[in-house]
Amino acid sequence: MTNMLIEQIIKEKIAEAVQQLYGQEFDSQKVQVQNTRKDVEGDLTVVVFPFLRISKKSPELTASELGQYLQEQVEEVASFSVVKGFLNFTISTSYWINQLAEAFNDSEFGFTKAMDDSPLVMVEYSSPNTNKPLHLGHIRNNLLGFSLGEMLKANGKKVVKTNIVNDRGIHICKSMYAWQQWGEGQTPESTGIKGDHLVGNFYVLFDKHYKQEIEALISQGLSKEEAEQKAPSIVAARELLLKWEAKDPETIELWSMMNQWVYDGFDVTYKELGVDFDKIYYESETYLEGKAEVLRGLEEGVFEQRDDSSVWADLVEEGLDQKILLRSDGTSVYMTQDIGTAKLRFKDFDIDKMVYVVGNEQNYHFQVLSILLDKLGYSWGKGLHHFSYGMVELPHGKMKSREGTVVDADDLMAGMIDVARKTSEELGKLEGYSEEEAMETYKTIALGALKYFILKVDPKKNMLFNPEESIDFNGNTGPFIQYTYARIRSVLRKAADKGIHPSISFDASLQISEKETELIKTISLYPVAVAEAAEAYSPAVIANYVYNLVKEYNQFYHDHSILNESDEQVVNFRLVLSANVAKIVKSGMGLMGISVPERM
RNA sequence: GCCUCGGUAGCUCAGUUGGAUAGAGCAACGCCCUUCUAAGGCGAAGGUCAUGGGUUCGAAUCCCGUCCGGGGUACCA
C-alpha cells in the first residue's frame with residue numbers, strides 16, 4: 001500500500017532514467033516501489049535489483065545513479081540514500097502538507113461516487129432459517145455482508161443488499177410439528193419469549209423426541225438408518241411438508257403464524273446489529289420458480305429423472321458428481337430454490353454482479369449452482385460470485401446447536417453491552433451524560449468491540465471465538481479506535497470553545513516532525529485501503545489500516561501538544577491533522593458498520 | 001478414498017505483485033497522569049514462519065513431497 005500519486009511519478013521517472021542512463025526500455029509499471037522501512041531514512045524505496053541486468057553495474061552504483069537522476073528531475077524528491085542496494089527517497093515536506101490539505105478539503109475523502117451508469121452489485125447475506133435464532137456464525141455473515149455493501153458503495157458501485165429467508169422446508173416443519181404436539185398453545189406473548197427463540201425451542205424439542213424415538217426403534221431391532229426414516233416425528237414432519245406444498249390451509253396458517261414470530265424476533269436482532277436489506281426474498285416465494293426451472297431442464301434433457309421419479313443433474317463431465325434437484329416425493333431441495341431465487345433476482349434487477357455471502361462449507365453448492373444455471377441457459381450463471389468466508393470456531397470446535405454450544409447472537413450482544421457499561425462506570429467516563437445517552441454509548445462501544453473483533457480477521461480464514469473470555473477493550477480493538485476518535489473530538493470541542501476552527505491557514509513550508517509526516521503519509525493511503533478492501537472483499541484491510549492510523553495518532557498525541565502550542569500555524573496544522581484522522585476513523589469504521597462516540 | 005482450504009511468538013491475528021533485521025495485540029515484567037480523555041504512551045522479553053526438498057541475486061510468500069488440522073463429497077440447509 002503506497003501513495004499512488006507520488007508512487008506513479010517515481011515509477012515513470014525511474015523508467016525514464018533507466019532509458020536515459022542505460023539505453024534500454026523498462027516498463028514503468030514493473031518498477032517496484034514500496035514504503036521505506038521504519039528504521040531507514042526515507043519515505044519510498046525503489047528496489048534496484050531488477051535493473052542490474054541492464055545497468056551491468058553494482059547495486060550500489062546503479063541505485064545512486066538512478067537516485068541522482070530523480071533528485072534532479074523530480075521536484076517532490078528532497079533527497080535519497082542507498083542502503084544495501086535499496087534506493088530510498090525522502091519526499092519533500094511541502095508535498096506531504098499539500099496532501100493533507102487535499103484530504104482535508106475532501107469531505108468524501110477516499111470514496112468514489114456512484115453514477116447512473118455505475119455497475120449494480122447485488123449482495124446476498126444473512127440468509128437465515130426460520131427455525132432457530134441467529135447465532136455467532138450469522139453475526140460474522142451479517143457483518144461481512146453489510147460491510148461489503150458499504151465498501152462497494154464507497155468504490156462507486158450501486159448496491160442492492162438482499163436476504164433470502166429460508167422460510168420453508170423440513171426444518172420449519174419440525175418446529176411446527178413440535179409446537180402442535182407439545183406446544184400447549186404457547187406464543188411469544190403468553191411466554192414473554194422472543195419469537196425466534198420460542199420457535200427455536202420447539203426445534204430443539206423436536207430433536208429430543210426424535211432421538212428418543214430412534215433409540216426406541218433401534219432397541220426393537222431396526223437398523224439406525226431404518227429408525228431414522230421411520231421415527232413417528234420425522235414421518236409427521238415430512239407429512240407437514242407435503243401438506244404445506246399442497247397448500248393445506250391449516251398448515252399454511254400455522255406456518256405463517258410461527259414464521260411471523262421469527263421475523264419479529266429477527267427484526268430486533270438485525271436492528272441491534274445495525275444491518276438492513278433493500279430487498280428480501282422468501283424461499284416460499286421462489287422455490288416454485290426453481291421447480292419450474294428444474295422441470296424445464298428435465299424436458300430439455302439437461303437433467304434426468306430416475307425410476308423413483310427424483311430428478312438429478314449429472315455433473316461428471318464438469319469433474320463433479322450427481323446432484324439431486326427434486327426429491328422422489330417431488331419436493332424441492334435447497335438447490336432447487338436457489339435456482340429460482342437467482343432467476344427472479346436477475347428478472348427484478350439489472351444486475352451486473354451477484355455476490356453471495358455464504359460460509360465456505362458451501363463452496364461446492366455454489367460451484368454447482370453456477371454450473372446448473374449455465375446449463376439452463378443463463379448467461380450470468382458462470383458469473384455468480386460466492387464470497388466464501390471461514391467458520392467461527394469455539395475453543396472446543398464447531399458450534400453445534402444440538403449440543404448446546406451455540407453462541408446466541410442476542411445473548412452475545414447483551415453480554416457485551418453489560419461489559420461496556422461496567423467498564424465505563426468503573427472508569428467514570430460518562431459523568432454528566434443522561435442514562436439514555438450513556439446507554440447509547442455503551443451500545444456503541446459494545447457493538448464496536450464485537451464487530452471489530454470479527455471483521456479484523458481475514459474473511460477467508462476460520463477464526464476462533466472464546467465465549468469464556470470477554471472481548472478486549474484495549475489494544476487492537478474497536479474501543480481502542482473509538483477512544484482515539486473521542487479524544488480527538490474532545491480536543492476539537494476545546495478548540496471550538498476558544499474560537500479556533502481547523503482550517504488550512506498554514507503554509508507548505510511549515511516545519512513538521514517525523515511523526516507528523518508519518519501520519520500524513522498514512523492519511524494519504526486511505527483511498528488505497530478503501531480500494532484494496534473492496535477488491536479483496538475484505539473489511540480486514542480497512543480494520544488494519546484504521547488500527548495503524550490510530551496507533552500512529554496516539555503516539556503523536558502523546559508527544560505533541562496541540563492547543564498549548566504558541567505558534568498559531570502549528571496549532572492549526574495539528575488541528576487539521578487531528579480532524580483528518582477523526583474523519584477517516586469515522587469513515588473507515590463506517591465501512592465496517594461501526595459507529596464512533598463523541599465521548600467515552 | 002477423492003476434492004478443497006489452512007499451519008507465522010504461550011494465546012488471538014497482520015505480513016500487498018517474491019525484497020532489507022518476519023510485525024501487532026493479549027497475557028507476563030518494568031516505567032510514564034500538577035499538562036488537550038491513562039479505554040493511552042514507552043521499554044524489555046518472546047520465532048527452526050509445521051516439515052523436507054526445489055526455483056533465484058533474494059522465499060513466510062512460488063513449485064513438489066510429507067505430517068497435522070478444518071470443510072466438502074446427503075432425497076440436510
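It should be emphasised that the depicted structure is a prediction, and the values quoted were computed from it without experimental measurement. Chain naming here is simple, since letters A, B, ... match the order of the sequence lines and numbering starts at 1 in each.
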Measuring only the [atom1] atom in each nucleotide, how far is [N] from [M]? A whole number of Å is fine.
| N | M | atom1 | answer |
| --- | --- | --- | --- |
| B:A77 | B:G69 | P | 31 Å |
| B:U8 | B:C2 | C1' | 30 Å |
| B:U4 | B:C49 | P | 27 Å |
| B:G41 | B:G25 | P | 8 Å |
| B:C5 | B:G46 | C1' | 30 Å |

Extract from the structure each pairing of a protein N or O with an N or O of nucleotides 71-73 of chain B at less than 3.5 Å, listing the distance.
none

Does a donor on one side chain sit under 3.5 Å from an acceptor on the other, for [X] and [Y]?
| X | Y | answer |
| --- | --- | --- |
| A:T522 | A:E552 | yes |
| A:E426 | A:T423 | no |
| A:H138 | A:S126 | no |
| A:N166 | A:H171 | no |
| A:R487 | A:Q482 | no |
| A:D472 | A:T477 | no |
| A:S370 | A:Q367 | no |
| A:T331 | A:R327 | yes |
| A:E12 | A:Q8 | yes |
| A:S578 | A:Y553 | yes |
| A:N554 | A:T484 | yes |

Atom [atom1] of [X] to atom [atom2] of [N]: distance rounded to whole Å?
| X | N | atom1 | atom2 | result |
| --- | --- | --- | --- | --- |
| A:N35 | B:U17 | CG | P | 14 Å |
| A:N131 | B:C76 | CG | C1' | 11 Å |
| A:N476 | B:A24 | CG | P | 12 Å |
| A:L464 | B:C26 | CG | P | 18 Å |
| A:L44 | B:A20 | CG | P | 16 Å |
| A:F465 | B:C11 | CZ | C1' | 15 Å |
| A:L549 | B:A14 | CG | C1' | 16 Å |
| A:E228 | B:A74 | CD | P | 16 Å |

Across all strands shown, which nucleotide pairs with [N] by Watson-Crick or G-U wobble geometry, both distances under 3.5 Å?
| N | answer |
| --- | --- |
| B:C42 | B:G30 |
| B:G25 | B:C11 |
| B:G65 | B:U51 |
| B:U73 | B:G1 |
| B:A60 | none |

Worksheet item: Between A:S328 and A:D472, which has a closest nucleotide on RNA chain B that is more 5'?
Response: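 Result of the comparison: A:D472.
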Which part of the nucleic acid, if any, lies within contact of [X], taking any heavy atom under 4.0 Å across all strands shown: a base, the sugar-phosphate backbone alone, or nothing?
| X | value |
| --- | --- |
| A:V333 | sugar-phosphate |
| A:N88 | base |
| A:N166 | sugar-phosphate |
| A:D39 | base |
| A:S388 | nothing |

Worksheet item: Are OP1 or OP2 of B:A74 and a side-chain N or O of A:R327 less than 4.0 angstrom apart?
Response: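 Checking A:R327 against B:A74: no side-chain N or O falls below 4.0 Å of OP1 or OP2.
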Worksheet item: Can you tell me if the side-chain N/O atoms of A:R37 get under 4.0 Å from OP1 or OP2 in B:A22?
Response: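 Checking B:A22 against A:R37, no side-chain N or O comes under 4.0 Å of OP1 or OP2.
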Worksheet item: Could A:R140 and A:Y389 be counted as a cation-pi pair, given that NZ or CZ must be under 6.0 Å from the ring centre and within 45° of the axis?
Response: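 No.
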Pairwise N/O distances under 3.5 Å, protein to nucleotides 6-10 of chain B:
none

Discussion item. Generate the contact string for nucleotides 32-45 of chain B. Rules: B means base contact, S means sugar-phosphate contact only, - means no protein heavy atom under 4.0 Å.
Written reply: ---SBBSBSSS---
Worksheet item: Which residue pairs satisfy the ring pair (Phe, Tyr, Trp, His ring centres under 6.0 Å) criterion with at least one member in residues 37-60 of chain A, sequence neighbours excluded?
Response: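 Residue pairs passing ring pair (Phe, Tyr, Trp, His ring centres under 6.0 Å), neighbours aside: A:F26-A:F51, A:F49-A:F86.
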Discussion item. Tell me which pairs pass ring pair (Phe, Tyr, Trp, His ring centres under 6.0 Å) where either residue lies in residues 440-463 of chain A, with sequence neighbours left out.
Written reply: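 Every ring pair (Phe, Tyr, Trp, His ring centres under 6.0 Å) pair that includes a residue of residues 440-463 of chain A, provided the two are not neighbours, is A:F453-A:F465.
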Distances under 3.5 Å only, N/O to N/O: pair up the protein atoms with those of nucleotides 56-61 of chain B.
none

Discussion item. Within 90° of 0 counts as syn, otherwise anti: where does B:C49 fall?
Written reply: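 You should classify B:C49 as anti.
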Item to complete: For the pair A:F366 and A:H385, evaluate ring pair (Phe, Tyr, Trp, His ring centres under 6.0 Å) and give the outcome as yes or no after the intermediate values.
Response: CA-CA 8 Å; A:F366 282 99; A:H385 182 82; over 10 Å; no
Worksheet item: What is the distance from atom CZ of A:F89 to atom OG of A:S81, rounded to the nearest 0.5 Å?
Response: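 Interatomic distance, A:F89 CZ to A:S81 OG, rounded to 0.5 Å: 9.5 Å.
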